[in-house]
Amino acid sequence: MKISPLSRLPVAILFVFVAVALDQVIKAAVEYALPFHQPVEILPFLALYRTYNLGIAFSMFSDANGYLIVGVRIVIVAFVSWFWWRSDARRSLLQLGLALIVSGALGNIIDRFVYGHVIDYVLFHVGNWSFAVFNLADSFITIGAVLVFLDEFLLGLSGKKDAQKDG
């Protein structure tokens, strides 16, 4: 039984709204409460560290025009949303992964419009080594991509094998 895209739309919109709202509330709190470029240690390997990202993931393309970056993000959101709309609703990992990708991308797009940059604040570090500073929206995108990968390459491959056996 195929599930209509329209029947899942309210749940999808609610999920994205809640995820984006959570991302934006945390970023507003970070902007208000955290000192700029001063680590606030949480654990020996984790700090809160407010910084601004003018590029895309991991500050790539920081020198690019802001409108270009926003435009690319909007195209990506449109494509992922279209793919999400067309995908099989029974593939729950894929559905969740695509919802997280859209939520994260929208959260960072909103930052670009509201602040002119993306607010990052999570810093993993060990001694002098540190991972790129990121935010909840970036985590949504990364986790979403992993879920899409798992669905497609692990569950998708086993489903294709089952379909070949039946065919």
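Any value given below was found using the heavy atoms of this structure, including those in side chains, with hydrogens, waters and symmetry copies removed.
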Listed pairs under 3.5 Å, donor-acceptor, residues 121-133 side chains, sequence neighbours left out:
from   : atom 1 : to     : atom 2 : distance (Å)
Tyr121 : OH     : Leu136 : N      : 3.1
His125 : NE2    : Glu41  : OE1    : 2.9
His125 : NE2    : Glu41  : OE2    : 3.4

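Residue-environment remark: OH (Tyr115) exceeds the threshold of 12 foreign heavy atoms within 6.0 Å.
What you find for Pro39 and Tyr49 is that their closest heavy atoms are N-CD1, 3.5 Å. A pairwise comparison of heavy atoms in Ala105 and Ile141 identifies N-CD1, 3.6 Å as the closest pair.
The OG atom of Ser81 sits 9.0 Å away from atom CG of Leu98, with the distance rounded to the nearest 0.5 Å. For the atom pair Ile101 CD1 and Leu106 CG, the distance stands at 12.0 Å (nearest 0.5 Å). Taking CG of Leu94 as the start and CG of Leu150 as the end, the distance is 11.0 Å to the nearest 0.5 Å. Here CG of Leu93 is found 11.5 Å from CD of Glu152. Values are rounded to the nearest 0.5 Å. Residue Ile143 holds its CD1 atom at 7.5 Å from CG of Leu147, rounded to the nearest 0.5 Å.
Taking the side-chain contact (heavy atoms from CB on, under 4.5 Å) definition, one finds that Val40 meets it with Leu34, Pro35, Leu48, sequence neighbours left out. By the side-chain contact (heavy atoms from CB on, under 4.5 Å) test, Ala12 pairs with Trp84, sequence neighbours left out. For Phe79, the side-chain contact (heavy atoms from CB on, under 4.5 Å) partners at least two apart in sequence or on another chain are Trp82. Take Phe149 and apply the ring pair (Phe, Tyr, Trp, His ring centres under 6.0 Å) test, not counting sequence neighbours, and it matches Phe153. Under the rule for a ring pair (Phe, Tyr, Trp, His ring centres under 6.0 Å), Tyr32 has no partner lying at least two apart in sequence or in another chain. Qualifying side chain to side chain donor-acceptor pair (under 3.5 Å) partners for Thr51, counting only residues two or more places apart in sequence or in other chains: His37. The side-chain contact (heavy atoms from CB on, under 4.5 Å) test applied to Leu43 returns Phe45, Leu46, not counting sequence neighbours.
Side chain of Gln95 to backbone of Arg90: no donor-acceptor contact under 3.5 angstrom is found.
Each salt bridge (Lys or Arg N to Asp or Glu O under 4.0 Å) pair with one or both residues in residues 25-34, not counting sequence neighbours, appears once here: Asp23-Lys27, Lys27-Asp111, Glu31-Arg50. The salt bridge (Lys or Arg N to Asp or Glu O under 4.0 Å) analysis of residues 92-102, with sequence neighbours excluded, yields no pairs. Sorted by first and then second residue, the salt bridge (Lys or Arg N to Asp or Glu O under 4.0 Å) pairs with a member in residues 124-137 form an empty list; sequence neighbours excluded. Residues in residues 98-108 take part in no salt bridge (Lys or Arg N to Asp or Glu O under 4.0 Å) pair, two or more places apart or across chains.
Counting heavy atoms from C-beta on, the side chains of Asn53 and Asp138 never come closer than 4.5 Å. Contact of the Asn108 side chain with the Asn135 side chain is registered, since non-hydrogen atoms from C-beta on lie closer than 4.5 Å.
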Check the pair Val118 / Tyr52 against side chain to side chain contact (heavy atoms under 4.5 Å, CB included), numbers first and verdict last.
-> CA-CA 6 Å; Val118 174; Tyr52 301 143; over 6 Å; no
Take Phe140 and Val102, measure what side chain to side chain contact (heavy atoms under 4.5 Å, CB included) needs, and give me the verdict at the end.
-> CA-CA 9 Å; Phe140 288 160; Val102 167; over 6 Å; no
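Cluster annotation: Phe83 is not connected to Val75 through the hydrophobic network of ILVMFWY side chains, with a link wherever side-chain heavy atoms come within less than 4.5 Å. In the hydrophobic clustering of this structure, Phe17 does not group with Ile110; members are Ile, Leu, Val, Met, Phe, Trp, Tyr whose side-chain heavy atoms approach within less than 4.5 Å, directly or through other members. Following chains of ILVMFWY side-chain contacts shorter than 4.5 Å, one cannot reach Leu14 starting from Val77, and the two form parts of different hydrophobic clusters. In the hydrophobic clustering of this structure, Val25 does not group with Val18; members are Ile, Leu, Val, Met, Phe, Trp, Tyr whose side-chain heavy atoms approach within less than 4.5 Å, directly or through other members.
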